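Below: the structure, in structure tokens.
Start at 1 and go down the list; that is how both ligands and their atoms are numbered. Just so you know, these numbers come straight off a predicted model, no measurement behind them.
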Amino acid sequence: MLNIQSFSYHTHTNFSDGRNSLEDMVQRAKQIGFTEMGVSDHLIVHKNMKQDVSWPLLKDVNARHVYNDDFKSILEKYKRHCDEIRRVSKQENFKLYVGFEVDYFPYDGWEEELKWFISQLDIDYLHTGNHFFCEEGFEHIINMTFFKQVCPDTSRYAEYVRRHFETMKRAVESKLFKFLAHIDYVRRYGDDVCGVDEYMLEKIQVLDALQKNDVALEISTKGLRKIGDFYPSAPILQAAAKRNLTVVISDDAHKPEELGMDFDKAEDIIKKYGFNKRLKF
Ligand SMILES: [Zn+2]
Ligand SMILES: [Zn+2]
């Protein structure tokens with residue numbers, strides 16, 4: 001395991017949409033020689049979540065509880081989760097960081113509410129990861145999973161994708177996040193939505209924001225499992241290396257066997273592009 005990153009700061013448990021308990025994840029982390037782990041279940045709150053045109057489609061998905069429309073009503077649940085992570089860390093004598101993967105929504109008042117929410121919790125970090133398209137003004141959203149079903153008008157794809165990268169840029173500029181997860185995750189919805197070489201201008205703006213605000217870029221092996229390529233793709237990695245960005249490898253594990261998966265390949269990517277700064281808590 002020498003020379004391979006021995007931790008992941010982007011992991012999920014069954015508190016959000018992960019398949020297993022925190023204990024299961026920790027057992028596996030220990031087994032594969034991880035020295036520490038960040039637990040970053042989803043924190044997704046948008047005031048109009050239930051007005052999302054794809055909301056009715058979510059009822060068949062086991063993870064509906066992941067999506068919320070109010071910070072206050074979920075506070076106690078999140079507090080208990082944070083306590084649980086501290087408890088398991090002690091019980092297992094294994095360093096765990098309490099984090100959340102946050103979908104950033106730049107409508108008026110949202111960021112203040114998020115700041116209030118996290119001030120109530122005992123957390124170590126947040127990272128951002130965006131899974132929604134936003135309408136103009138960011139007051140209404142569409143879950144990307146169902147995007148094509150609810151938005152058959154392909155002529156509108158470009159505006160959603162541009163706004164998606166704009167959202168990421170704003171998230172990075174907020175300085176609330178330690179790293180940006182799966183920058184071009186949108187590729188999983190097909191080349192007609194966002195091809196590898198498309199929207200480079202928007203992607204570069206996100207990279208510039210990462211550089212300026214000293215926020216790390218995630219190199220996610222989850223892409224290998226979903227689309228056979230890393231998030232980010234080669235053109236983004238190249239542009240990121242040119243800016244000497246800080247990087248961190250993640251597995252975005254939703255089950256124990258995904259922990260540390262393909263980290264050797266990610267290390268090869270780091271060497272290939274010459275990244276020399278890595279996020280480490
Ligand atoms: Zn994500
Ligand atoms: Zn994730």
Side-chain angles (χ1 to χ4, degrees), residues 5 7-22 24-25 28-29 34 37-46 49 52 54 58 61-68 78 81 85 96-105 114 123-134 141-147 161 164-165 167-168 171-172 176-189 193-194 206 210 215-227 229-233 236 247-263 266 279:
Q5 188 184 295
F7 59 86
S8 174
Y9 297 145
H10 185 169
T11 68
H12 297 273
T13 72
N14 55 12
F15 175 74
S16 63
D17 60 353
R19 210 181 56 183
N20 293 72
S21 68
L22 176 58
D24 289 350
M25 297 297 276
R28 177 66 179 171
F34 267 14
M37 185 169 80
V39 184
S40 63
D41 276 303
H42 292 285
L43 173 55
I44 307 177
V45 183
H46 188 291
M49 183 62 71
D52 169 3
S54 64
L58 263 172
V61 179
N62 201 18
R64 208 173 191 183
H65 66 279
V66 173
Y67 308 103
N68 300 286
Y78 273 72
H81 176 63
I85 297 171
L96 291 175
Y97 295 95
V98 181
F100 287 106
E101 176 177 18
V102 179
D103 273 74
Y104 188 85
F105 296 118
L114 173 73
I123 65 168
D124 299 310
Y125 71 104
L126 301 175
H127 71 80
T128 187
N130 291 275
H131 313 85
F132 284 81
F133 283 125
C134 292
I141 52 176
I142 302 176
N143 191 314
M144 281 163 71
T145 309
F146 305 103
F147 177 61
V161 176
H164 177 59
F165 287 114
T167 307
M168 267 181 250
V172 170
L176 287 163
F177 306 107
K178 292 274 189 232
F179 63 93
L180 167 68
H182 50 64
I183 181 172
D184 57 350
Y185 163 95
V186 62
R187 278 193 294 149
R188 74 187 276 182
Y189 299 106
V193 179
C194 181
V206 178
L210 288 168
V215 176
L217 174 72
E218 176 190 76
I219 297 176
S220 173
T221 62
K222 187 181 186 176
L224 292 174
R225 309 195 290 276
K226 296 288 177 189
I227 58 167
D229 190 16
F230 286 98
Y231 303 131
S233 63
I236 301 179
V247 294
V248 65
I249 300 172
S250 296
D251 39 49
D252 199 352
H254 283 68
K255 41 193 170 187
E257 56 269 35
E258 290 176 347
L259 284 169
M261 200 180 247
D262 296 317
F263 275 22
L279 178 70

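The side-chain contact (heavy atoms from CB on, under 4.5 Å) test with Ser40 singles out one residue from Tyr9, Tyr125, Phe100, and that residue is Tyr125. Only one option out of Leu217, Leu210, Thr167, Ile183 pairs with Val172 in a side-chain contact (heavy atoms from CB on, under 4.5 Å); it is Leu210.
Side-chain contact, Glu218 with His10: a donor N or O sits under 3.5 Å from an acceptor N or O. A donor-acceptor pair shorter than 3.5 Å can be found between the side chains of Asp251 and Ser8.
Every residue two or more places apart in sequence or in another chain that forms a ring pair (Phe, Tyr, Trp, His ring centres under 6.0 Å) with His131 is listed here: His42, His182, Tyr185.
Taking the N/O/S atoms of His12 in turn, the shortest distance to the Zn ion (ligand 2) belongs to NE2.
At a threshold of 4.0 Å, the pair Arg225-Asp252 does not count as salt-bridged, since none of the basic side-chain nitrogens sits closer than that to a carboxylate oxygen.
Under 2.8 Å from the Zn ion (ligand 1), one finds the following protein N/O/S atoms: Glu101 OE2, His131 NE2, His182 NE2.
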